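Remember, predicted model here, so these are calculated numbers, not experimental data.
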Amino acid sequence: MQELGTTLSSFIINEQRKLGSSAGGTFTGLLNDITIACKGIANLVNRGDLAGVLGVTDSENSMGDVQKKMDLIADQMFIDALENNGHCAGMASEEQDDVIHTSEGKQRGHYLVTFDPLDGSSNMDINMDVGAIFSILQAPEGIINPTAEHFSRPGTEQIAAGYCLYGPSTMMVLTTGNGVNGFTLCSSIGEFILTHPNMAIPEDTAEYAINASNQRFWEKPVQDYIADCVQGEEGPLGKRYNMRWVAAMVGEIHRILCRGGIFLYPIDERNREAGGKLRLLYEGNPMAMIVEQAGGAAYTGYERVMEVKPNGDPHQRVPVIMGSKNEVMKVMEYHKNA
Ligand code: AFP
């Protein structure tokens with residue numbers, strides 16, 4: 001019989017033991033709750049139209065995005081999985097206006113979880129990559145029903161972050177602040193198995209990801225950087241660049257973890273007032289933690305994403321420039337010189 005390999009749960013238990021953590025059991029339980037949600041979502045995403053989960057609803061989220069059927073289903077699957085075992089004190093979801101309290105009568109745990117239950121959901125209907133992103137914070141002592149303020153903490157306070165990519169295979173990528181590890185869902189036994197230990201982002205790259213259709217709205221430093229990339233070997237950067245756009249941040253960051261690259265969703269003229277396009281708590285902070293833990297860098301153009309001061313709004317937005325360290329620092333130079 002083929003060897004099973006290291007499951008996600010046994011990996012976490014061993015990691016907690018090595019760190020001498022007293023929270024081992026409940027933290028492992030919390031991660032287990034998240035994997036249950038992700039496995040359930042993976043199953044529906046994989047069956048697609050056969051499961052009747054494609055298409056839109058007639059509702060919008062607080063950001064004005066039309067919600068897809070699968071956005072709402074994935075959101076509820078996260079909430080149910082996190083509520084069931086009492087490891088979580090409260091949740092905040094990109095799909096909900098307000099933070100979510102654990103239902104009356106349910107046990108409350110020591111952690112706060114924020115999540116984007118279905119990142120890149122416009123890809124659902126065209127059978128392309130989608131994913132889930134999550135971040136875990138320690139809950140403040142003695143708080144029964146956490147408020148938005150309790151979730152509004154800088155990314156440096158995250159104790160774990162991860163994403164689940166529903167691609168050709170389903171992968172969970174996780175950091176608990178001690179490197180980044182990737183696990184592939186083995187459908188025959190229903191377990192995530194460690195397949196990508198110690199993921200590391202190459203420091204150099206010649207591949208960028210940006211929605212180039214927004215070019216006329218970007219700030220000058222980003223305009224200048226991309227213009228120089230496009231010039232290739234003849235330009236000041238002296239190399240030929242490749243470009244990719246998955247339109248799901250989970251897909252972009254996964255590619256960068258696997259082979260390097262830089263992902264930009266900068267401030268532009270249309271999103272300047274909102275502070276950017278991507279959400280700090282649901283996308284910016286967790287992905288910045290993963291990228292930094294894999295040896296990459298994550299900035300807004302002006303400061304580290306994880307040091308952005310939260311403004312109390314769980315839907316606060318942020319510009320992001322993240323990926324291979326030397327390339328991100330190059331873009332930072334464009335900002336400093338502007
Ligand atoms: P949703 O989470 O609303 O599906 O949005 C996905 C996303 O925030 C991010 O994952 C992508 O990088 C980005 O939007 C794609 O945006 P464009 O519409 O500019 O392609």
Side-chain angles (χ1 to χ4, degrees), residues 1-19 21 23-48 50-51 53 70 73-88 91 109 111 113 115-120 129-136 159-200 248 250-251 253-255 257-258 286-287 289-290 293-294:
M1 193 178 125
Q2 202 193 341
E3 203 193 331
L4 180 64
T6 306
T7 64
L8 179 56
S9 327
S10 62
F11 177 86
I12 299 298
I13 292 169
N14 284 330
E15 203 173 61
Q16 295 293 306
R17 271 197 203 123
K18 272 192 259 161
L19 296 173
S21 165
T26 54
F27 185 66
T28 309
L30 179 77
L31 287 172
N32 201 43
D33 297 342
I34 293 173
T35 61
I36 287 171
C38 293
K39 285 179 200 172
I41 296 166
N43 179 267
L44 292 178
V45 167
N46 189 258
R47 284 163 54 214
L50 295 176
V53 295
M70 197 55 214
I73 296 170
D75 192 42
Q76 196 56 49
M77 288 173 98
F78 256 88
I79 296 170
D80 291 345
L82 285 167
E83 265 203 343
N84 268 346
N85 297 314
H87 300 118
C88 173
M91 300 157 251
Y111 302 100
V113 183
F115 52 88
D116 176 354
L118 200 70
D119 173 66
D129 290 354
V130 289
I133 310 172
F134 59 90
S135 154
I136 303 176
I159 56 174
Y163 63 77
C164 189
L165 171 66
Y166 311 114
S169 53
T170 297
M171 276 197 72
M172 177 77 79
V173 171
L174 179 71
T175 179
T176 55
N178 186 27
V180 179
N181 291 282
F183 303 81
T184 305
L185 183 61
C186 172
S187 55
S188 56
I189 57 165
E191 289 281 357
F192 282 101
I193 305 293
L194 180 63
T195 48
H196 294 57
N198 303 317
M199 296 177 89
V250 171
I253 299 301
H254 190 70
R255 185 186 59 249
L257 279 163
C258 293
M287 289 308 204
M289 182 176 182
I290 294 167
Q293 283 290 321

For residues 33-42, please give each side-chain donor-acceptor pair under 3.5 Å, one per line with the distance, not counting sequence neighbours.
unit_1, atom_1, unit_2, atom_2, d
D33, OD1, N85, ND2, 2.6
D33, OD2, H87, ND1, 2.9
T35, OG1, N32, O, 2.7
K39, NZ, G190, O, 2.7

Hey, does [Y] have a side-chain heavy atom less than 4.5 Å from the side chain of [X]?
X    : Y    : value
N181 : M172 : no
P117 : M70  : no
L257 : I290 : yes
V113 : L30  : yes
T170 : L165 : no
T7   : I193 : yes
I136 : L31  : yes
V180 : V173 : yes

If every non-hydrogen atom of [X] is compared with every non-hydrogen atom of [Y], which pair is closest and at what distance?
X    : Y    : value
G251 : D129 : CA-OD2, 4.4 Å
S10  : T6   : OG-CG2, 3.7 Å
M199 : A294 : O-CB, 3.5 Å
F134 : P286 : O-CB, 3.5 Å
V250 : M287 : CA-CE, 3.8 Å

Legend entry - All side-chain contact (heavy atoms from CB on, under 4.5 Å) counterparts of S187, not counting sequence neighbours: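 With neighbours one apart ignored, the set is empty.
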
Inset, instruction - For A51, check side-chain contact (heavy atoms from CB on, under 4.5 Å) against everything at least two apart and list the hits. - result: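 Result, side-chain contact (heavy atoms from CB on, under 4.5 Å) vs A51: L44, R47, V53.
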
Inset, instruction - With sequence neighbours left out, write down each residue that passes ring-ring contact (aromatic ring centres under 6.0 Å, His included) with F192, or none if nothing qualifies. - result: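 Counting only residues at least two positions away or on another chain, F192 forms no ring-ring contact (aromatic ring centres under 6.0 Å, His included).
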
Legend entry - Set of ring-ring contact (aromatic ring centres under 6.0 Å, His included) partners for F183, sequence neighbours left out: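 Per chain and number, F183 pairs via ring-ring contact (aromatic ring centres under 6.0 Å, His included) with F11.
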
Hey, what do you get for [atom1] ([X]) to [atom2] ([Y]), rounding to the nearest 0.5 Å?
X    : Y    : atom1 : atom2 : answer
D75  : M91  : CG    : CE    : 9.5 Å
C186 : E191 : SG    : CD    : 8.5 Å
H254 : Y163 : NE2   : OH    : 5.0 Å
D119 : C164 : CG    : SG    : 11.5 Å

Inset, instruction - Give the C-alpha distance, both sets of side-chain angles, the deciding distance and a yes or no for side-chain contact (heavy atoms from CB on, under 4.5 Å) between L194 and L8. - result: CA-CA 7 Å; L194 180 63; L8 179 56; over 6 Å; no

Inset, instruction - Using only heavy-atom distances, determine whether the side chains of Q16 and T28 contain a donor-acceptor pair under 3.5 Å. - result: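 Judged by distance alone, the side chains do not pair up.
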
Legend entry - With T175 via side chain to side chain donor-acceptor pair (under 3.5 Å) - residues at least two apart: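 Not a single residue meets the side chain to side chain donor-acceptor pair (under 3.5 Å) criterion with T175.
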
Legend entry - From CA spacing to verdict: side-chain contact (heavy atoms from CB on, under 4.5 Å), T184, H196: CA-CA 8 Å; T184 305; H196 294 57; 4.3 Å; yes

